[in-house]
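Read through the structure below, which is laid out as structure tokens, and then see the notes.
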Amino acid sequence: MEVIVAKSAGFCFGVKRAVEQVYEQLKRDDKPIYTYGPIIHNEEVVRDLEEKGVKVIHSEEELEKVRDAVVVIRSHGVGKRIYEIMEQNGIEIVDATCPYVKKIHRIAEEQNQAGRRLLIIGNESHPEVEGIKGWGNDNTLVVETPEQVERLPLSEGEKLCIVSQTTFNYNKFQDLVEKISETRYDILVLNTICNATQERQVEAKRIASEVDAMIVIGGKSSSNTQKLYDICRRECKNTYYIQTLGDLDPDCGNSVRSVGITAGASTPNYIIEEVHTNVRVKF
Ligand code: F3S
């Protein structure tokens, strides 16, 4: 039996790096350790960290009360103000902001200084977008739909710098940029979409088209895992969506010669490994 595990399965580079940095901090025992927001959308990882003593700070108000501690900033990043609060309160900052997100923060600052108004294409309530906003001026704008573009409070000739939330859909980004460009603004467009999600999907599709059975691992409510499943199912009708090894249908290995494995963005490596080992041993 041949088993192929996608190289891009599971955590993207930025999330992996952030989770590792929290575990790294656990080696010390001089100060309490916090993360600003859950480090990842995966309950098991957050619970494991909690059991090891890592607490989650949920809001700016909670952060204001923290002293003499280590706080890890997750891959989504945070606005400038959050750094200021931490510095004022003598908090030791472990900055696990994904370098791709950090780059957008720099763009926001630089372009504002250059006199351009920042326009973020993304979901306004997403923590990454909130963080990016926190590096722009008060007049920063966020749009997610063509209707919102129509309502943009812009004056003619205004200089704009357009950036994107890293996980935004490329085609939708293009459509919105095109719509904004119909007007007579002076626009600088910087495509800041990260291709980790797309790479994971392309690889999953390729593997699914080559194997007899495909296993997709990820949380039930994870939309990127559902997407992976849909893509794989189109290529391979023996595609199984599981959360953990326990969900794996023991018959899924019957009369198959090759199995592919991929996983959503918040699936920890040990779950992928567990499934991999079992598929190899059992089938
Ligand atoms: Fe992940 Fe960083 Fe891209 S957090 S999705 S590698 S922007």
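Heads up: numbering here begins at 1 and tracks the sequence. Both counts, for ligands and for their atoms, begin at 1 and track the order of listing.
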Need the ligand 1 atom indices (1-based, order shown) with element for anything under 4.0 Å from a heavy-atom of Thr166. 7 (S)
Out of Gly14, Ala18, Ala96, Cys98, whose heavy atom is nearest to atom 2 (Fe) of ligand 1? Cys98
Below 2.8 Å, any N, O or S contact between Cys194 and atom 1 (Fe) of ligand 1? no
Tell me whether the rings of His76 and His126 are parallel (<30°), tilted (30 to 60°) or perpendicular (>60°). perpendicular
Nearest non-hydrogen atom to atom 1 (Fe) of ligand 1 belongs to which of Ala265, Ala196, Cys12? Cys12
Does the pair Glu199/Lys7 count as a salt bridge with the N-to-O cut at 4.0 Å? no
Is any NZ, NE, NH1 or NH2 atom of the basic residue among Glu147 and Arg151 found under 4.0 Å from an Asp or Glu carboxylate oxygen of the other? no
Hey, is Asp48 close enough to Lys52 for a salt bridge, meaning N to O under 4.0 Å? yes
